[in-house]
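Comments concern the structure below.
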Amino acid sequence: MFLIEELTYIKRLGGLTNLNFLVAHKGQKYVLRFPAHEFEDIINRQNEKSNQQIAAEIGVTVGNVVFTDDGIKMTPYYDATADLTRDLIVTPEYLEKVAGVLATLHSSNREFKNRFNYWDEVEKYKHSLTEIPSLYVLLEERLRKLTQGERQEYAPCHMDSVTGNFIQNDAKQVLLIDWEYSANYLPEWDLAAFILERELSEQQEQVLLDYYGLPASSKESLDLQKLKTDFLWSLWSLVKENEDPSFEQYTAMRTERLIEGVERYYREYGDQ
């Protein structure tokens with residue numbers, strides 16, 4: 001039993017959508033998370049809890065110490081995580097570890113409780129906006145055309161595989177945390193999310209894909225997931241801008257890269 005008054009506060013940790021704290025209890029360190037309630041209509045906490053449990057059984061994440069019905073969560077904290085810098089994670093040694101975690105998850109033959117529906121998620125963010133800029137209406141039309149007939153061979157996916165969601169335990173094993181958006185979906189999505197957020201060079205991306213073992217036939221799907229990822233997170237950032245204007249720069253970065261990516265996709269694969 002963990003009573004809140006028995007926890008010793010150490011420091012505030014990072015996080016875009018939640019309040020995260022490093023705390024101690026009887027000599028052990030934990031991450032204590034309080035969810036951002038403005039996203040409760042988007043995030044299903046019961047799915048998150050169930051999917052994280054499955055991921056823990058697969059061996060790609062930590063186990064929960066506490067997970068309440070309203071999303072308050074406490075998990076073990078590893079000091080070795082502080083050593084996993086953004087520069088270190090793009091070295092061949094760690095790209096192999098990242099690829100290994102994702103490949104283990106995707107090939108596990110397990111199923112999560114929920115299936116990700118891309119366009120349903122797009123509509124959720126659009127519903128949170130009072131007005132959709134015309135540029136995003138045009139980009140959505142193009143993406144809807146490109147995704148027609150997309151294959152539906154789904155696997156358990158993290159769906160938010162950015163650098164900050166990879167940690168390492170004391171044995172230097174790399175794991176994934178924060179399963180809020182997890183669902184069954186196309187495995188290339190997780191690869192695309194990591195490649196984009198960490199801004200891998202072409203050489204680094206190829207190292208990651210080689211370690212993962214991505215078939216050449218899946219490269220087009222990977223490039224399409226990059227476009228879909230940037231579009232969805234551009235909308236997410238537009239929602240955040242309503243509360244915090246500092247997200248404007250992040251929105252612009254995602255959107256500009258999306259426009260360039262669409263043009264490059266047309267050049268390489270044609271107007272489908």
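This is a predicted model, so every value here is computed, not measured.
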Do Glu197 and Thr163 have side-chain atoms, one donor and one acceptor, less than 3.5 Å apart?
yes

Report the distance from atom CD1 of Ile54 to atom CD of Glu111, rounding to the nearest 0.5 Å.
9.0 Å

Which word best sums up how the rings of Trp233 and Tyr181 line up, parallel for under 30°, tilted for 30 to 60°, or perpendicular for over 60°?
perpendicular

Does Thr147 use its side chain to pair, donor to acceptor, with the backbone of Glu150 at less than 3.5 Å?
no

Linking I/L/V/M/F/W/Y whenever any side-chain heavy atoms sit under 4.5 Å apart, do Val90 and Leu175 land together?
no

So, Arg115 side chain and Tyr185 main chain: donor-acceptor pair closer than 3.5 Å or not?
no

Does the side chain of Val262 come within less than 4.5 Å of Leu227's, by heavy atoms?
yes

Are any side-chain N or O atoms of Gln204 and backbone N or O atoms of Ser201, one a donor and one an acceptor, separated by less than 3.5 Å?
yes

Would you mind checking if Glu268 and Arg264 are paired as a salt bridge, meaning a charged N to carboxylate O distance below 4.0 Å?
no

Would you check, one step at a time, whether the test side-chain hydrogen bond (donor to acceptor under 3.5 Å, both in side chains) holds for Tyr250 with Ser234?
CA-CA 8 Å; Tyr250 181 81; Ser234 293; over 6 Å; no

Stepwise side-chain hydrogen bond (donor to acceptor under 3.5 Å, both in side chains) check, Glu121 with Asn117:
CA-CA 6 Å; Glu121 294 302 310; Asn117 185 306; over 6 Å; no

Taking C-beta and beyond as the side chain, do Val162 and Phe194 meet within less than 4.5 Å on heavy atoms?
no

Where Pro76 and Gly63 come nearest, the two heavy atoms and their spacing
CD-O, 3.2 Å

Tell me, please, whether Phe231 has Lys228 positioned over its six-membered ring: NZ or CZ under 6.0 Å from the ring centre and within 45 degrees of its axis?
no

Walk me through it: do Glu180 and Asn18 pass the test side-chain hydrogen bond (donor to acceptor under 3.5 Å, both in side chains)?
CA-CA 11 Å; Glu180 294 169 304; Asn18 299 303; 2.9 Å; yes

Quick one, Val65 and Lys73 - any side-chain contact, counting heavy atoms below 4.5 Å?
no

Compare all side-chain heavy atoms of His158 with those of Asn165 and state whether any distance is below 4.5 angstrom.
yes

Working to the nearest 0.5 angstrom, can you tell me the gap between Leu222 CG and Glu220 CD?
10.5 Å

Just verifying a value: how many Å separate Tyr125 OH and Ile132 CD1, rounded to the nearest 0.5 Å?
13.0 Å

Just so I know, are the side chains of Asn242 and Leu129 near enough to count as touching, which here means a heavy-atom distance under 4.5 Å?
yes

Keeping Asp178 on the side-chain end and Ser161 on the backbone end, is there a donor-acceptor pair under 3.5 Å?
no

Kindly say whether Tyr211 contributes a backbone atom to a donor-acceptor pair with the side chain of Glu96 at under 3.5 angstrom?
no

Between Glu57 and Gln52, do the side chains contain a donor N or O and an acceptor N or O under 3.5 Å apart?
no

Check against side-chain hydrogen bond (donor to acceptor under 3.5 Å, both in side chains), Thr68 and Asp70:
CA-CA 5 Å; Thr68 68; Asp70 55 359; 2.4 Å; yes

Are more than 12 heavy atoms from other residues, nucleotides or ligands located less than 6.0 Å from atom CG of Asp244?
yes

Given 3.5 Å as the limit, does a donor-acceptor pair link the side chain of Asn184 with the main chain of Phe116, or not?
no

Please check this pair: side chain of Trp179 against backbone of Asn51, looking for a donor-acceptor N/O pair closer than 3.5 Å.
no

Is Leu146 linked to Leu139 within one hydrophobic cluster, defined over Ile, Leu, Val, Met, Phe, Trp and Tyr using a side-chain heavy-atom separation of less than 4.5 Å?
yes

In the structure I gave you, are the side-chain heavy atoms of Leu88 and Glu93 within less than 4.5 Å of one another anywhere?
no

Do Thr8 and Val23 have side chains that get closer than 4.5 Å, going by heavy atoms?
no

Cluster check Ile259, Met253: I/L/V/M/F/W/Y, side chain < 4.5 angstrom:
yes

Would you say the side-chain atoms of Lys97 pair up with the backbone N or O of Lys172, donor to acceptor, closer than 3.5 Å?
yes

Assess whether atom CD of Glu123 is packed by more than 12 heavy atoms of other residues, nucleotides or ligands within 6.0 Å.
yes

Cluster question for you: counting only ILVMFWY and a side-chain heavy-atom cut-off of under 4.5 Å, with indirect links fine, are Phe112 and Leu186 together?
no

Could you state the interatomic distance from CZ (Arg45) to CD1 (Ile72), rounded to the nearest 0.5 Å?
10.0 Å

Let me confirm one number: the NZ-CG distance from Lys226 to Asp223, rounded to the nearest 0.5 Å.
4.5 Å

Would the distance check show the side chain of Ser221 and the main-chain N or O of Ser218 forming a donor-acceptor pair, the cut-off being under 3.5 Å?
no

Which word best sums up how the rings of Tyr265 and Tyr269 line up, parallel for under 30°, tilted for 30 to 60°, or perpendicular for over 60°?
tilted

I want to check something: taking the side chain as every heavy atom from C-beta on, are Tyr118 and Trp189 in contact at a cut-off of under 4.5 Å?
yes

Any ion pair linking Arg151 and Glu188 (charged N to carboxylate O, less than 4.0 Å)?
yes

Considering non-hydrogen atoms only, spot the tightest contact between Ser182 and Met159 and give its length.
CA-CG, 4.0 Å

Give a yes or no on this: more than 12 heavy atoms of other residues, nucleotides or ligands lie within 6.0 Å of atom CG of Asp69.
no

Ser50 side-chain N/O to Asn47 backbone N/O, donor-acceptor pair under 3.5 Å
no

Arg33/Glu48 ion pair, N-O < 4.0 Å
yes

Over 60° means perpendicular and under 30° means parallel, so tell me whether Trp236 and Phe247 are parallel, tilted or perpendicular.
perpendicular

In terms of hydrophobic clusters joined by side-chain contacts under 4.5 Å, are Leu200 and Val98 together?
yes

Going from CG on Leu214 to CG on Leu102, what distance comes out if it is rounded to the nearest 0.5 angstrom?
11.5 Å

